[in-house]
Every structure is written in structure tokens, then in C-alpha cells.
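Only one structure is covered here, and it is reproduced in the block below.
Below, read A as the first sequence line, B as the second, and so on, with proteins coming before strands; counting in each chain starts at 1.
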Protein chains: 2
Amino acid sequence: MTARTSPESARDIPEATVARLPVYLRALVTLSESGTVTCSSEELAVAAGVNSAKLRKDLSYLGSYGTRGVGYDVDYLRYQIAREIGVTQDWPVVIVGIGNLGQALANYSGFRSRGFRVVALLDANPERHDEVVAGLDVRPFDHLEQIARDHAVAIGVIATPAVAAQDVADRMVACGITSILNFAPTVLNVPDQVDVRKVDLSIELQILAYHEQRKTHGAAT
Amino acid sequence: MTARTSPESARDIPEATVARLPVYLRALVTLSESGTVTCSSEELAVAAGVNSAKLRKDLSYLGSYGTRGVGYDVDYLRYQIAREIGVTQDWPVVIVGIGNLGQALANYSGFRSRGFRVVALLDANPERHDEVVAGLDVRPFDHLEQIARDHAVAIGVIATPAVAAQDVADRMVACGITSILNFAPTVLNVPDQVDVRKVDLSIELQILAYHEQRKTHGAAT
DNA sequence: CTTTGTGAATGCTTTCACAGCA
DNA sequence: TGCTGTGAAAGCATTCACAAAG
């Protein structure tokens with residue numbers, strides 16, 4: 001029953017809205033870079049691929065950042081959303097499992113430009129410890145504890161094979177990491193206070209296959 | 001009560017359920033490989049990381065494949081779900097954009113083992129056309145039309161930079177591809193009959209960052 | 001007159017709780 | 001008895017439609 005004397009963004013934002021805020025932020029960055037100063041909810045909605053009623057409802061959870069009859073100031077709204085998400089600061093991140101996918105993640109420039117900094121790459125396989133990926137040494141998994149402490153890492157990325165993922169998650173949790181992005185195709189068991197998000201490439205394809213099957217089934221002409 | 005003479009999988013399955021079927025399938029494969037013959041909804045739910053009421057409700061949309069008092073036959077249910085999703089057949093897939101991520105996807109063994117076959121790798125950059133990735137030649141993007149026709153490709157994967165993604169999507173649609181998995185951080189505009197699913201790595205991290213920010217803020221005890 | 005912000009209505013999803021069957 | 005399958009209830013999310021504000 002935490003009595004929060006809340007500073008101001010204590011409104012609780014629905015999960016569905018939280019998941020869309022980064023999309024709005026991306027659209028705003030694009031608009032800003034193209035020199036757009038002001039935009040209506042309709043324009044931003046199109047850029048973000050949602051409908052404008054939903055966009056306005058989502059933004060209303062953050063506060064009243066628009067002007068009636070005019071729209072939103074692109075840079076102002078961009079800042080407010082970035083602040084709400086928490087990407088005005090930089091988040092240190094470790095990636096564990098430097099196979100093909102781990103390397104791709106390490107090289108992904110989109111992280112750095114969006115508030116994340118990869119501080120270490122770890123792999124259990126000693127043969128990889130020679131390598132340098134994306135300008136970082138690949139280090140032994142055992143270094144996790146020290147790295148997590150030194151850099152105050154709160155977010156970990158798991159890109160190992162499925163069998164290793166639970167062990168890695170356990171070790172991350174033991175090191176005080178409380179947010180995990182899991183690319184391994186397995187369910188992770190973690191304590192309640194730890195957030196896990198999963199990205200499963202083949203699950204996404206399977207969802208597409210389901211709908212595809214339905215299409216070719218029904219109409220054919 | 002519905003008197004269904006219907007061809008059999010004509011029930012319409014809620015989208016939220018469709019998205020979980022691949023997770024159940026994966027859990028069933030694991031159970032099957034570990035020699036489990038029968039499992040209760042509770043056991044399967046734990047393996048899939050959901051609660052058992054949700055699992056049973058989800059399965060009820062497919063039909064009555066369990067036995068009261070006993071549970072589910074692992075292999076039988078596994079087959080029924082695979083059939084419902086449409087992964088008893090093989091789906092030919094093309095990957096466009098063979099950078100770090102595209103290479104990782106091309107090498108990902110989880111596709112082949114789960115009903116998908118990568119039939120071609122395409123890239124617009126001529127410098128890449130020498131390379132062989134995952135046993136496949138990297139071919140010019142212009143070959144898309146012919147490849148799509150020859151292999152009856154229905155599913156395309158976009159792993160290009162954001163600026164190229166819409167063009168690639170347009171070309172895919174023109175070639176008759178009706179399902180797209182998009183890894184580029186941009187919104188795609190496609191006709192209604194085309195399904196798009198997106199995977200955005202930095203959006204996932206941003207969602208974690210939002211919750212992380214809340215944790216370190218509020219309670220400490 | 002334009003466009004936001006938001007109650008109210010609608011539509012989905014999850015959870016409950018128990019009847020029905022093995 | 002034990003566990004599935006499912007109506008009914010509760011909880012979320014989206015959409016509507018309009019009052020309020022500039």
C-alpha cells in the first residue's frame with residue numbers, strides 16, 4: 001500500500017498505452033528532423049500508424065500537452081514523452097550470448113540513439129573471448145556481477161540458446177538486474193519485481209502463418 | 001450450442017489466443033521431447049507461463065482435445081495446435097536486408113524447425129551479392145518477383161534500414177506477398193488484406209525502461 | 001471554426017467458479 | 001475423485017461523439 005506523495009507523473013498509465021509511447025516518440029523524432037514544428041493528433045496518428053482518438057486518449061494520460069484548435073508542438077511533446085518513458089537519461093545495458101543475434105544487437109545503432117548504452121558483451125564460450133564485437137571485448141559470463149555493479153546495470157538482454165536462458169536470468173537477478181529482454185525461445189521464471197519482455201522470432205512468423213492459412217483457405221476465386 | 005457442421009476449424013479464434021498458440025506449441029514440443037505423454041492444463045500452463053484458466057479457455061476455441069479427470073495427450077494436442085496454426089506444412093520465406101540482423105535471421109535454426117524455410121536472401125547493395133550466408137547466395141533485390149513466383153512465397157521478412165522498408169514492402173505486396181514481418185523501425189503502409197507484424201528492438205527496451213524508472217523512483221524498502 | 005481532452009458506450013480479454021464428464 | 005470446458009462476471013482497451021478551449 002505504498003502511500004506515494006508522488007511528484008507528478010504518478011498517474012498510472014495503462015500498459016497498452018505505455019507500449020505505444022515509444023512509437024509516438026519515434027514518429028515525433030522523424031517529424032522533428034523533417035522540420036515540422038506543429039502537428040495535429042491526426043497527423044501524428046497517421047505517422048504512428050494508429051487512429052487519432054486512440055492517440056489523444058493515450059496522450060491524455062501524460063497530461064495536457066496540446067493546444068485546442070492548433071495541435072501539438074513537436075519538440076515539446078517529444079521531450080515530454082521521452083521524459084515519461086525515461087529515455088532522457090542513458091540506460092546501461094549488458095548483452096549475454098554473442099552468437100549471430102547477440103552480435104546483431106551489439107551492432108544495432110538504434111539502441112545508442114534511443115537512450116541505451118551497451119556496456120558489456122558476455123558469452124560463456126571461451127572461444128569467443130578473443131573477439132571484439134561493435135568495439136567491445138567479448139568477456140566471460142562470470143564477469144557479470146562486477147560489470148553490473150560497476151555500471152549500475154538495471155537492464156539485461158539475453159540472446160543465448162534456450163537451454164542457457166534460465167541460468168542467465170537467475171544470475172542477472174542475483175546481480176540486481178530488474179528488467180530483462182529475452183530473445184531465447186523459452187519461458188523465464190523470475191521474481192515478481194523483475195520485468196521480462198520477450199521477443200520470439202518464430203512466434204511472430206507463426207502468427208502470420210495462422211492468418212495466411214486462413215486467407216488462402218477461404219477465397220480463391 | 002452452435003450446431004457446427006462446419007468444415008471444422010471455422011470457429012474464429014480471438015487474436016489474443018492466436019498469439020499464445022505458438023507458445024503452447026513450443027511448451028508441448030519440449031514436454032514431448034522429455035518423454036511426457038500426458039499433462040494437465042495446470043502443468044502445461046506453468047510450462048507456457050500463463051494461468052491454467054486462460055490456457056483452458058484458449059484451447060476450448062480449438063475444440064475439445066482433453067479428457068476430463070485426466071488432462072491432455074501431449075502429442076495429440078501438439079499436432080492439433082500445429083495444424084490450427086498452419087505449421088504442419090512448410091512456409092517459404094524471403095528475407096530482405098542482409099545486414100547484421102538479416103544474417104542472424106538467416107542463420108536462425110528455429111525457423112526451419114518450426115515450419116518455415118528461408119528460400120532466398122535479398123539485398124540492394126551489390127557489394128553483398130558475392131556473399132553466401134547460411135548456405136544461400138545473397139541475391140539482388142530485383143530478383144524478388146521471380147523468387148516469389150517460383151517458390152509461391154507468401155511471407156516476407158524485412159530487415160533493412162528504416163528508410164528502405166516502405167519500398168521493400170510495396171514491392172513485396174506487388175509480388176503477391178500477403179504477410180510481412182518487419183524489423184525496420186518504421187510504420188509500414190500496406191493494403192488491408194496484407195498482415196504486418198513488427199518487431200522493434202528498441203521499443204521493447206523503452207518499455208522496460210519506463211517500468212524501471214518507476215521502480216527506482218517509488219518504493220525502496 | 002478547428003482541434004484537443006474526455007465521459008460514456010462498445011468491444012475484447014481475463015478470471016472466476018462450477019457443471020459435466022471420465 | 002479430479003480435471004476439463006464454459007457460462008457469467010470483472011477488468012481493460014478502443015472507439016464514439018461532443019463539450020470545452022483557443
Apply ring-ring contact (aromatic ring centres under 6.0 Å, His included) to B:Tyr108 and B:Phe111, showing your working. CA-CA 6 Å; B:Tyr108 180 45; B:Phe111 289 159; 4.9 Å; yes
Going by an N to O cut-off under 4.0 Å, is there a salt bridge joining B:Lys215 and A:Asp195? yes
Ordered by number, residues from residues 21-42 of chain B within less than 4.0 Å of DNA chain D (heavy atoms) are B:Ser40, B:Ser41
Just checking, is any N or O donor in the side chain of B:Arg83 or B:Thr88 under 3.5 Å from an acceptor N or O on the other one? no
Going 5' to 3' through nucleotides 8-14 of chain D, assign each nucleotide B (protein heavy atom under 4.0 Å from a base atom), S (under 4.0 Å only from sugar-phosphate atoms) or - (no protein heavy atom that close). B----SS
Kindly indicate whether the side chain of B:Ile207, heavy atoms from C-beta on, has any atom under 4.5 Å from the side chain of A:Glu15. yes
Check step by step if side-chain hydrogen bond (donor to acceptor under 3.5 Å, both in side chains) holds for A:Asp170 and A:Gln166. CA-CA 6 Å; A:Asp170 292 344; A:Gln166 182 63 56; 2.8 Å; yes
From CG of B:Leu62 across to C1' of D:dG5 the rounded distance in Å is 12 Å
Does A:Arg68 get its side chain close enough to the base of C:dT4, under 3.5 Å, for a donor-acceptor pair? yes
Tell me the interatomic distance from B:Arg56, atom CZ, to C:dA17, atom C1', rounded to whole angstroms. 10 Å
Whole-Å gap separating P (D:dC3) and OH (B:Tyr72): 12 Å
Between C:dT3 atom P and A:Leu44 atom CG, what is the distance in whole Å? 14 Å
Which of A:Val96, A:Val157, A:Ile158 passes side-chain contact (heavy atoms from CB on, under 4.5 Å) with A:Ile180? It is A:Ile158
Rounding to a whole Å, what distance do you find between A:Leu59:CG and C:dT4:P? 9 Å
Just checking, is any N or O donor in the side chain of A:Asp75 or A:Ser32 under 3.5 Å from an acceptor N or O on the other one? yes
For residues 19-27 of chain A, run the donor-acceptor check on the side chains, cut-off 3.5 Å, and write out each pair with its distance to 0.1 Å, sequence neighbours left out.
unit_1, atom_1, unit_2, atom_2, d
A:Arg20, NE, A:Tyr24, OH, 3.4
A:Arg20, NE, A:Asp58, OD2, 2.7
A:Arg20, NH2, A:Asp58, OD1, 3.0
A:Arg20, NH2, A:Asp58, OD2, 3.2
A:Tyr24, OH, A:Asp58, OD2, 2.5
A:Arg26, NE, B:Pro185, O, 3.3
A:Arg26, NH1, B:Asp200, OD2, 2.3

